[in-house]
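Just so it is clear, the model here is predicted, and its values are computed rather than measured. So you know, we letter chains A, B, ... as the sequences are listed, proteins then strands, and number each from 1. Quick note: numbers below take in every heavy atom, side chains included, and nothing from hydrogens, waters or symmetry partners.
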There are 2 protein chains.
Amino acid sequence: MHAEPTAVLKMLADPTRRALFERLSREGEMTVHALTDPSGVSQPAISKHLGALKHVGLVRGRRDGRETYYRAEPKALAPLIDWISFYSTFWHHRFDRLEALLKRMDP
Amino acid sequence: MHAEPTAVLKMLADPTRRALFERLSREGEMTVHALTDPSGVSQPAISKHLGALKHVGLVRGRRDGRETYYRAEPKALAPLIDWISFYSTFWHHRFDRLEALLKRMDP
DNA sequence: ACAAACCATAGCCAAATGGTTATTGATCGT
DNA sequence: ACGATCAATAACCATTTGGCTATGGTTTGT
C-alpha cells in the first residue's frame, strides 16, 4: 500500500513526456512516428522518453513489423493516486476545495 | 480550468522536497531547524527546497524572530488534482481499478 | 555587550537530464 | 533485389539540479 510515487512523478514532471502520455491516453494506441510528428522534438528523443515511460509501466509497446505501437497504462498511476489519497487525510481539514475536487474525479 | 501541473510535479518529484511537504502536511507548522534535523541534508539545502516549494505556493513561511515557521499549502496541489481529474475521463472506461481507488479517496 | 542560534544567500561542483546527430537493424513496397 | 521507412541505440553536449561549504544578517540569551 501507498508505494513510492517518485518514479511516476519524475516521468510526469517533464512536459514532453507528459504530453506523450496525455496523447496516448486521449487517442489510444499510436506509433512512434505519429507521436514524433507534432511533438517538436526528434524521433530518438521520443523513443527515449517512451523507453523511460515504459520502464515505470506508464506505457506499453507492441511491435508490429517495422512499427511500434504504444499505449498508455493508467494503472501505473496508482502510486500517485495512493499518495494523494493517503495525504488527503491531513489536507482535508484545511483544504476546502479538496473534497469537491475528489468528488469530481469520481462522478 | 486545469492549469499547468508541471511546476507542482517537478516539486514533488524530488524525494527530499516531497518529504518536507509530507512532514509539514502531517505535523503542521514547523521551523527550518526542526525540518533540517532528521532530513539528512544541510540546512541551506532545506532552505533552498523550502524556497522552491514556496515559489509554487506549496508552502508558506511565517517569520517569527530569528525562526521561520513553514506550513503546507495543499491548495497549491489543485493543478495536479485537476490534471488527474481531467484525464480520469479518458481512463475511466479502460482502468477498472481506478474507480475503486477513487472511491477509497472519498469514502 | 557579545556570543550563540537561526535562517537565507552566494558560490561552487558533480551528476542527472533532455536534447541533438549519426548509425544500425529490421521490415516494407516496388 | 533494393531503396525507403521506422524505431532503437550510441555518442555527445549544454543546461539544470541537488547537494555542499562559507558567509552574512537578525535575533536571542546571558
Let me know which of V32(B), L58(B), T68(B) forms a side chain to side chain contact (heavy atoms under 4.5 Å, CB included) with L50(B). V32(B)

Counting just side-chain N and O atoms, does Y70(A) come under 4.0 Å of either OP1 or OP2 of dC6(D)? no

Candidate nucleotides dT20(C), dG19(D), dC6(D), ranked by approach to the side chain of E67(A) - the nearest: dC6(D)

Side chain of K10(B) - closest among dT17(D), dC7(C), dT20(C): dT17(D)

Does any part of the side chain of V59(B), heavy atoms only, come nearer than 4.5 Å to the side chain of E73(B), both counted from C-beta? no

Just N and O in the side chain of T16(A): are any of them under 4.0 Å from OP1 or OP2 of dG18(C)? no

Fit a plane to each ring of W91(A) and W83(A), take the angle between them on a 0 to 90° scale, and name the class: parallel (under 30°), tilted (30 to 60°) or perpendicular (over 60°). perpendicular

Could you tell me the separation between the CZ atom of R23(A) and the CE atom of M30(A), rounded to the nearest 0.5 Å? 3.5 Å

Would you indicate which nucleotide in dA8(D), dT9(C), dG19(C) comes nearest to any side-chain atom of D14(A)? dG19(C)

Quick one: label A45(A) by what it contacts on the DNA or RNA (base, sugar-phosphate, nothing), any heavy atom closer than 4.0 Å. base

Under 4.0 Å: is that the gap between some side-chain N or O of R17(A) and OP1 or OP2 of dG18(C)? yes

Hey, which sits more toward the 5' end of DNA chain C by its nearest nucleotide, G40(A) or G65(A)? G40(A)

Where the side chain of R66(B) is concerned, which of dC6(C), dA7(D), dG19(C) is the nearest nucleotide? dC6(C)

Would you kindly give the CG-to-C1' distance between L50(B) and dC7(C), to the nearest whole Å? 10 Å

Closest approach to the side chain of S42(B), judged atom by atom: which nucleotide of dC6(D), dC20(D), dG19(C) is it? dC20(D)

Can you measure L20(A) atom CG to dA7(D) atom P for me and round it to whole angstrom units? 13 Å

Examine dA8(C): is either OP1 or OP2 under 4.0 Å from a nitrogen or oxygen in the side chain of T68(B)? Give yes or no. yes

Please report, rounded to the nearest Å, how far the P atom of dC6(D) is from the CZ atom of R62(A). 16 Å

Y87(A) with L9(B), same ILVMFWY side-chain cluster at under 4.5 Å: yes

Output the rounded distance in Å from CD1 (I46(B)) to C1' (dT17(D)). 15 Å

Gap between atoms CG and P, on L12(B) and dT17(D) respectively (whole Å): 15 Å

Would you say a side-chain N or O of H49(B) is under 4.0 Å from OP1 or OP2 of dT17(D)? no

Are OP1 or OP2 of dC6(D) and a side-chain N or O of Y69(A) less than 4.0 angstrom apart? no

Would you kindly compare H33(A) and K48(A) by the position of their nearest DNA chain D nucleotide and give the one closer to the 5′ end? H33(A)

